[in-house]
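Report on one structure; see the data block that follows.
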Amino acid sequence: MQAIIRTAHEWGKTVTAHVYTNELMQKMIRFGIDGMEHGSLMNEETAAIMEEKGLYLVPTFSPYEEAVHYDAEAIKLKQPEFRRKLELYKDMLQAGREVICRSHIRLGYGTDFVANHQNYESGYEYEAWMKSGMQPFRALEAATRVNAGILGLQSEIGTLEVGKIADIAAWKRDLMSDAKALLDCAFVMKEGKAYRAESCLE
């Protein structure tokens, strides 16, 4: 892994990894990784290291909602393997979520839905952030400016500025207080052209 990270950096590429445990997260940090996905079992020590080094984390809250905000009936509807995992790790997932929400880690926005929802229903991730006590502006910034930086596209997208690509979305619902607002898009513009918006709630 260290050789992969070093070689990628020599070619001007960034490296991320799918990680959950603190041991693995800290190992990847020592190897020089740029950021990580999930980090669901994170503790305070790992969070502090990531903050100090300015690394990003894409936490993907929504796949674990039934465990973090415990819902035994909803968990029963999952595949047997996933159900066992949620039950086994629910306390650690709850603790890790609290650490992430309290942290000052540079958070990106992603879903890794797998079996939960369709990829275009990423508003469910926003609902999970809101239910976890995350500030709305932090979630929206993660999905726009921070994600653009993670992808190395901050000069083109991520903020509304002169010279950037006119990719814009808007909502009629209050994103500051309505956890389902992001699922009900009212306006979409791609490269300056408006397209018909569709609600995921209909």
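Residues take their numbers from the sequence shown, with the count starting at 1.
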Report task. Indicate whether any N or O donor in one side chain lies under 3.5 Å from an N or O acceptor in the other, for E125 and S62. Result -> yes
Requested in this report: For E87 and Y70, test the side chains for any donor-to-acceptor distance below 3.5 angstrom and give the result as yes or no.
Outcome: yes
Answer yes or no: is there a side-chain heavy-atom contact under 4.5 Å between [X] and [Y]?
| X | Y | result |
| --- | --- | --- |
| Y109 | W129 | yes |
| I105 | L55 | no |
| I29 | M50 | yes |
| Q94 | Y89 | no |
| R145 | L140 | no |
| M28 | V19 | yes |
| Q26 | I49 | yes |
| C185 | V188 | yes |

Query raised in the report: Between R97 and F61, is NZ or CZ placed under 6.0 angstrom from the six-membered ring centre and within 45° of the ring axis?
Result: yes
Query raised in the report: With the 4.5 Å side-chain cut-off for hydrophobic clustering, are V146 and L153 part of the same group?
Result: no
Closest heavy-atom pair and its distance - [X], [Y]:
| X | Y | result |
| --- | --- | --- |
| L175 | M130 | O-CE, 3.8 Å |
| Y126 | A179 | CD2-O, 3.8 Å |
| S40 | L93 | CB-CD2, 3.6 Å |
| M176 | P136 | O-CG, 3.4 Å |
| L86 | P63 | CD2-O, 4.4 Å |
| I150 | G108 | CD1-CA, 3.8 Å |

Query raised in the report: Is E44 salt-bridged to R102, going by a charged N under 4.0 Å from an acidic O?
Result: yes
Query raised in the report: Between K76 and E73, is there a salt bridge with N-O shorter than 4.0 Å?
Result: yes
**Report entry** Audit row: L107, R138, side chain to side chain contact (heavy atoms under 4.5 Å, CB included) steps and yes/no
**Finding:** CA-CA 8 Å; L107 297 181; R138 189 177 186 193; 3.5 Å; yes
Taking only distance into account, with no hydrogens and no angle test, what donor-acceptor pairs under 3.5 Å do side-chain atoms of residues 2-15 form with protein atoms, sequence neighbours excluded?
| from | atom 1 | to | atom 2 | distance (Å) |
| --- | --- | --- | --- | --- |
| T7 | OG1 | A3 | O | 2.8 |
| H9 | NE2 | D34 | OD1 | 3.3 |
| H9 | NE2 | D34 | OD2 | 2.7 |

Query - Pairs meeting criterion ring pair (Phe, Tyr, Trp, His ring centres under 6.0 Å) with involvement of residues 13-50, two or more places apart - result: H18-Y20, H18-H38, Y20-H38
Report task. Any chance you could lay out the salt bridge (Lys or Arg N to Asp or Glu O under 4.0 Å) test for R196 and E198, step after step, and finish with the verdict? Result -> CA-CA 7 Å; R196 184 171 66 89; E198 294 187 12; 3.0 Å; yes
Query raised in the report: Does atom CD of Q135 have more than 12 heavy-atom neighbours, drawn from other residues, nucleotides or ligands, at distances under 6.0 Å?
Result: no
Query - CD (E51) with more than 12 external heavy atoms under 6.0 Å - result: yes
Which donor-acceptor pairs under 3.5 Å do side chains of residues 156-173 form with protein atoms, sequence neighbours excluded?
| from | atom 1 | to | atom 2 | distance (Å) |
| --- | --- | --- | --- | --- |
| T159 | OG1 | E161 | OE2 | 2.5 |
| T159 | OG1 | K164 | NZ | 2.6 |
| E161 | OE2 | K164 | NZ | 3.1 |
| K164 | NZ | Q154 | O | 2.8 |
| D167 | OD1 | E191 | N | 2.7 |
| D167 | OD2 | K190 | NZ | 3.1 |
| W171 | NE1 | A181 | O | 3.4 |
| W171 | NE1 | L182 | O | 3.3 |
| R173 | NE | D178 | OD2 | 2.8 |
| R173 | NH1 | D184 | OD2 | 3.3 |
| R173 | NH2 | D178 | OD2 | 3.0 |

Requested in this report: May I ask you to decide if L201's main-chain N or O and S199's side chain share a donor-acceptor pair within less than 3.5 Å?
Outcome: yes
